[in-house]
Amino acid sequence: MKAIKVKKLYSGQIGSALDNAVAVIDGEKIRDVLTDEEFKKTDRYSQADLMDYSDYYMMPGLIDCHVHLMFPGNDSWGNVFGEYIVRDWTEGEINIMAFRNAMTALSQGVTTLRDCGTLNYASINVKQAIKNQHITGPDILSCGAPLTCTGGHCHYAGGEADGPWEIRKKIREQQKAGADFVKVMGTYGGTIGVTKTATFSDEELQAAIDEAHLRGMKIAVHSCTFEMTEKLSRLAVDTIEHTVLCSADCSKNNLDIELVQRIIDHNIYVDHTICCVKGAIAMFGQLVKAGVATAEEEASYYSNLNYDRLTVESFKFQAGKGVPYIIGTDAGWRAADFKASYYENLYVMERNGADSMELIHASTLRGAKALGIDEHVGSVEKGKQADLLLLKKDPAADIAEAIKNPEIVIKKGEMVNR
Ligand SMILES: [Zn+2]
């Protein structure tokens with residue numbers, strides 16, 4: 001048993017802070033949280049090793065609700081499209097990339113991550129290796145291959161299905177292989193040659209939602225158009241990924257207050273992946289150089305997918321109206337790497353009006369609730385897994401700066417990055 005004494009403890013519950021706190025850790029779990037004064041008075045924990053970090057702040061480990069472990073997340077890599085990775089990499093290489101990225105994320109304080117689409121079950125393989133204690137790593141939730149129509153976004157990952165019964169079967173296959181939730185590609189994305197129509201018919205989409213819930217799984221849907229986000233706000237989906245509010249021509253956002261209210265009323269969580277678009281724009285010139293995109297496409301991409309005007313505006317609008325947002329980085333995809341992405345996402349949100357205390361909650365307990373794992377992780381509370389960060393800077397003052405290269409990361413009670 002050990003007792004970690006800190007200057008201030010943020011539990012992850014909204015607005016919760018405890019000065020001069022002690023967290024008692026027994027094995028993998030948090031045994032108790034109390035003030036230093038209470039700790040001194042009790043003899044319940046006299047056996048505990050007292051670790052004095054009284055110039056540090058404590059908060060729960062971060063939860064990244066949207067990553068792709070098998071992608072390099074490195075724009076200088078050359079393999080900027082999943083299509084090329086499938087073509088050029090061996091299965092072993094893809095698994096090793098997934099493992100490397102999981103370790104990088106953990107070193108940056110991400111103690112739980114949700115993989116929103118993988119090749120060859122790579123993220124399930126890494127998850128299993130961690131679960132079976134071959135290696136220490138973050139907790140991983142994986143969807144396996146994301147569901148898409150024949151030739152749809154990320155078709156190369158193996159999740160193609162057409163018609164309600166093929167969709168249901170594909171979901172059953174993914175669950176059998178170890179998937180924890182269902183991911184549906186609701187619209188186009190960055191896959192070569194995919195048209196900007198919705199991926200599935202209403203009937204197919206409903207079959208995916210019904211099958212996921214029937215099998216006790218949550219369902220996340222990728223939405224890169226206003227039309228799809230609008231549709232999803234009326235359906236029983238659990239999270240909306242990217243949550244774009246502009247139409248397919250990317251000319252302007254549709255700031256629809258009724259849509260936002262429906263998302264809140266239906267308890268849907270939204271994931272803005274606010275930095276992945278920025279990374280995609282930043283590397284578009286390279287795609288042109290490589291002959292993958294044309295100069296005309298580059299020009300239209302820059303003018304249409306204007307980052308501040310569309311992505312940030314959409315986040316500010318939704319967050320301002322009280323939509324429960326979670327943090328997903330899309331790390332792995334394009335230029336979003338596993339080292340800096342979490343910091344960059346929080347930085348942009350904070351600089352655009354998000355409150356640090358709300359960001360602490362969104363990064364931890366709210367993310368856990370959205371993924372349905374808040375019984376075990378997401379807060380510094382009795383009985384929860386001891387996934388913790390010890391930080392020199394106060395996250396309530398500036399969470400982005402505080403979690404940038406976190407000083408100490410604790411995973412299941414063990415310090416993992418010292
Ligand atoms: Zn993604």
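Residue Tyr45 qualifies as enclosed at atom OH: its count of foreign heavy atoms under 6.0 Å is above 12.
To the nearest 0.5 Å, atom OH of residue Tyr343 and atom OG of residue Ser341 are 12.0 Å apart. The line from CD1 of Ile408 to CG of Leu391 is 9.0 Å long, rounded to the nearest 0.5 Å. Separation of atoms CD (Glu414) and CG (Leu388) is listed at 11.5 Å; rounding is to 0.5 Å. The distance from atom CG of Leu389 to atom CD1 of Ile403, rounded to the nearest 0.5 Å, is 8.0 Å. If you take CG on Asp238 and CG on Leu371, they are separated by 9.5 Å, rounding to the nearest 0.5 Å. Once rounded to the nearest 0.5 Å, the distance linking CZ of Arg366 with CG of Leu359 reads 9.0 Å.
Panel note: side chain Lys183, backbone Cys116; a donor-acceptor pair is recorded below 3.5 Å.
Identified under the ring-ring contact (aromatic ring centres under 6.0 Å, His included) test for residues 171-209, with sequence neighbours left out: none. Residue pairs meeting the ring-ring contact (aromatic ring centres under 6.0 Å, His included) criterion with at least one member in residues 202-225, sequence neighbours excluded, are His153-His222, His222-His242.
By the ring-ring contact (aromatic ring centres under 6.0 Å, His included) test, His272 pairs with Phe315, sequence neighbours left out.
Contact check for Tyr10 versus Met357: side-chain heavy atoms found under the 4.5 Å cut-off. Residues Met1 and Arg31 are in side-chain contact: their nearest non-hydrogen atoms beyond the backbone lie under 4.5 Å apart.
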Set out, in order, the CA-CA distance, both residues' side-chain angles and the distance that settles salt bridge (Lys or Arg N to Asp or Glu O under 4.0 Å) for Asp26 and Lys2, then state yes or no. CA-CA 7 Å; Asp26 193 0; Lys2 53 191 168 240; over 6 Å; no

